[in-house]
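Quick notes on the structure that follows.
Every number for a ligand or one of its atoms is a count from 1 in the order of the listing. This structure is a prediction, so every number in the text was calculated from the model and none was measured.
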Amino acid sequence: MTSTTTLLETVTADGGRTILDAATREPIGDAPVHTVADLDRAVAAARAAQPAWEALGHAERSRILHAIADDIEANAEELAVLLSREQGKPLNGPNARFEVGACAAWTRAAADTPLEPEVVFEAGDSRAEVHYDALGVVGAIGPWNWPMMIAIWQVAPSLRMGNAVVVKPSEHTPLSVLALVEVLQRHLPGGVLSIVVGDREVGAAMASHEGFDKIMFTGSTATGRRIVEASAGSLARLTLELGGNDAGIVLPGTNVAAIAENLFWGIFINTGQTCAALKRLYVHESQYDEVVDALAGLAAQMPMGNGLDEGNVLGPLQNQQQLDVVTRLVDDARARGARIVTGGRPATQHGPLFYETTIVADIDDGAPLVDEEQFGPAVPVIRYADVDDAVRRANASQQGLGASVWSDDVEAAAAVARRIQAGTVWINQHGAINPMVPFGGIKASGYGQEFGVAGLKAVAAPKVIQR
Ligand code: NAD
């Protein structure tokens, strides 16, 4: 490959793509645009390097992962600044500094999670054990919303289990992942981790490539379906973390002031560009106005603007296509008579890709803002009269990534949570993640789990030894 990277810029010998600052639209640097031939070279290098990497053993690979986490922490501020500029998320709030911190934390968790052989049957002289070996070469295809953190979610467990990895970042956020991968590569033998910075065509070529044993994919449901089709030939194993349209249900009698801030950040984390953000909020009619007012009050208090300004906690949309989606959905809601409580317009005073923090009330299921994934700073708040009906509407979606139930009565909330179809149902929070707690979707939000023991097994080949 003909590119060299430093932490803050990418220099390509053979041209490349200029990447713009999401807030100011000024150039930040150039990213290479690799080809399918570059992908073939990366896969060949990975296949050549993988056996020796696997042979190093868990203890040595874990030591290396801790050295990587130390190095991420040593470069945290520089990485966070680049991430903030390219992705748009502010340094502060649950945003860029948080994301870089999570990269170190998830790397350490991948290093430290034990995965011993399991004895699954024993009787007399008979005994069956399950061992977890490396799969071989893992392809990691990622999105643009949490580009560094999701790359680490895919890469760190794969490396821990003895796999080599080829990463393909989103074409919208290559510089952040290039910088992160450069930090990792300092500690790894050549070929064990490569990055291919291609367009969607390179992603498609990865999905059908015979050289991958596993594809870890995070992105949209539409692309996930293409990957399933494309991998039929190679039979690569798949983990698919796809889109979400997470419902939240506020039960009657809830202390609204106590939950308001958690509710706000469950919705607006990363300015709404989060797979498992709360994307449609069902509130009992007895507290509807109170919840709407509380969210609007918080929206007015949370500063939006350039992410490098320490005061800001909300940023721009990362790209024009996503701004267009949010604009279309909110304009449609307005046109069908919903009430725009606050926001509802582009916030061009901050830059071309900003959109106001938007609360939409008096809206119902069937409106595209409720039924589709908005992936931005606009939330529909839907009135309900009967909890059973709210559960039915929450479950009516094709998606099943996350959901949440909000109540002072945690046991009552847990009982409702049991009835909701989602990979995770949070209580009095939404989107909270923990490196030891499995995470993944059901229905059209994908399959397979990441994190913890389940995440290690997802990048391993189970092998039974029986006597
Ligand atoms: P996307 O599907 O457009 O792109 C994701 C990646 O797939 C990119 O790297 C892209 O280049 C690549 N790609 C495109 N076409 C491909 C193909 N045919 N084969 C293989 N790869 C291909 O998604 P996006 O717009 O980057 O991300 C936003 C979506 O991701 C949202 O729907 C969001 O909910 C979802 N998401 C899910 C999770 C999760 O954990 N479930 C996390 C973050 C984002």
Side-chain angles (χ1 to χ4, degrees), residues 17 31 33-34 36 39 86-87 89 99 102 106 139-154 166-174 176-178 195-209 212 215-232 234 236 238-246 269-279 317-326 372-376 397-403 422-424 431 433 437-451 455 458:
R17 175 177 296 143
V33 179
H34 291 139
V36 173
L39 171 65
E86 183 179 47
Q87 203 285 326
K89 63 186 65 185
E99 180 166 353
W106 259 260
I141 305 176
W144 49 261
N145 59 339
W146 292 90
M148 288 186 181
M149 185 172 76
I150 289 173
I152 283 289
W153 290 356
Q154 298 172 332
V166 178
V167 175
K168 195 206 86 65
S170 167
E171 54 276 24
H172 294 293
T173 50
S176 301
V177 184
L178 277 162
I195 177 163
V196 178
V197 187
D199 283 332
R200 306 178 80 82
E201 293 70 27
V202 173
M206 284 177 78
S208 61
H209 204 290
F212 288 107
I215 300 286
M216 302 282 292
F217 173 74
T218 299
S220 64
T221 298
T223 307
R225 289 200 167 97
R226 281 187 210 111
I227 290 174
V228 172
E229 288 171 8
S231 61
S234 69
L238 302 177
T239 293
L240 300 176
E241 297 282 7
L242 308 179
N245 193 13
D246 292 11
I269 180 168
N270 197 23
T271 317
Q273 300 160 99
T274 299
C275 51
L278 201 171
K279 291 173 181 152
L317 278 305
Q318 200 280 329
N319 54 67
Q320 183 68 46
Q321 296 94 300
Q322 202 57 47
L323 177 63
D324 292 346
V325 170
V326 174
E372 295 177 24
E373 184 184 35
Q374 67 275 53
F375 218 61
S397 174
Q398 288 302 307
Q399 309 285 12
L401 187 55
T424 304
I433 46 170
V437 178
F439 175 74
I442 61 169
K443 297 162 77 175
S445 294
Y447 48 76
Q449 288 185 315
E450 297 184 281
F451 312 169

Atom 26 (O) of ligand 1 sits nearest the protein heavy atom Trp144 CD1, 3.0 Å
Atom 23 (O) of ligand 1 has as its nearest protein heavy atom Ser220 N, 3.3 Å
Polar contact flag for Trp153 and ligand 1 (N/O pairs, less than 3.5 Å) = no
Are any of the N/O atoms in Gly142 less than 3.5 Å from those in ligand 1?
-> yes
Nearest protein heavy-atom contact for atom 36 (N) of ligand 1: which residue, which atom, what distance?
-> Cys275 CB, 3.5 Å
Please examine the side chains of Met216 and Trp153, heavy atoms only from C-beta on, and report whether any two atoms are closer than 4.5 Å.
-> no
Contact check, Phe217 vs ligand 1, heavy-atom distance below 4.0 Å = yes
Are Glu86 and Thr173 linked by a side-chain donor-acceptor pair shorter than 3.5 Å?
-> no
Ignoring hydrogens, just give me the one of Ala204, Gly440, Gly219 whose non-hydrogen atom is nearest atom 30 (O) of ligand 1.
-> Gly219
Sub-4.0 Å atoms of ligand 1 with respect to non-hydrogen atoms of Leu401 | 41 (N)
Which atom pair, heavy atoms only, marks the closest approach of Val228 to Tyr447?
-> CG2-OH, 3.6 Å
At a 4.0 Å cut-off, with the gap strictly under it, does some heavy atom of Pro169 reach an atom of ligand 1?
-> yes
Atoms of ligand 1 less than 4.0 Å from Leu242 heavy atoms?
-> 37 (C), 38 (C), 39 (C), 41 (N)
Return the residue, atom name and 0.1 Å-rounded distance of the protein heavy atom closest to atom 10 (C) of ligand 1.
-> Glu171 OE1, 3.5 Å
Taking the side chain as every heavy atom from C-beta outward, state whether Gln87 and Gln318 have any pair of such atoms under 4.5 Å apart.
-> yes
With the side chain counted from C-beta on, respond yes when Gln322 and Trp144 share a heavy-atom pair under 4.5 Å apart, and no when they do not.
-> yes
In ligand 1, the atoms that come under 4.0 Å of a heavy atom of Ile227 are 19 (N), 20 (C)
Which ligand 1 atoms are under 4.0 Å away from a heavy-atom of Phe439?
-> 40 (O)
Kindly give the heavy-atom pair with the smallest separation between Leu238 and Ser231, and that separation in Å.
-> CD1-OG, 3.6 Å
Are the side chain of Lys89 and the backbone N or O of Ile269 linked by a donor-acceptor pair below 3.5 Å?
-> no
Any nitrogen or oxygen of Glu373, main chain or side chain, under 3.5 Å from a nitrogen or oxygen of ligand 1?
-> yes
What closest approach, in Å, do Glu450 and Thr239 show between heavy atoms, and which atom pair accounts for it?
-> CG-CG2, 4.2 Å
Measuring from the heavy atoms of Gly244, does anything fall under 4.0 Å of ligand 1?
-> yes
Select the closest option to atom 40 (O) of ligand 1 among Glu241, Glu201, His172, Lys279, judged by heavy-atom distance.
-> Glu241
Heavy atom of the protein closest to atom 27 (O) of ligand 1 (residue, atom name, distance) | Pro143 CB, 3.4 Å
Closest protein heavy atom to atom 16 (C) of ligand 1, given as residue, atom name and distance to 0.1 Å | Thr223 CG2, 3.3 Å
Provide the number and element of each atom of ligand 1 under 4.0 Å from a heavy atom of Gly243.
-> 32 (O), 34 (O)
Asn145, Asn245, Val167, Ile141: member with heavy atom nearest to atom 43 (C) of ligand 1 = Asn145
For ligand 1, which atoms sit closer than 4.0 Å to a heavy atom of Ile150?
-> 42 (C), 43 (C)
Protein heavy atom at shortest distance from atom 33 (C) of ligand 1 | Phe375 CE1, 3.3 Å
Which atom pair, heavy atoms only, marks the closest approach of Glu99 to Met149?
-> OE2-N, 3.0 Å
Provide the closest heavy-atom pair for Leu39 versus Val202 in the form atom of the first, atom of the second, distance.
-> CD2-O, 4.1 Å
Any idea which heavy atoms bring Gly224 and Phe217 closest together, and the distance?
-> N-CE2, 3.7 Å
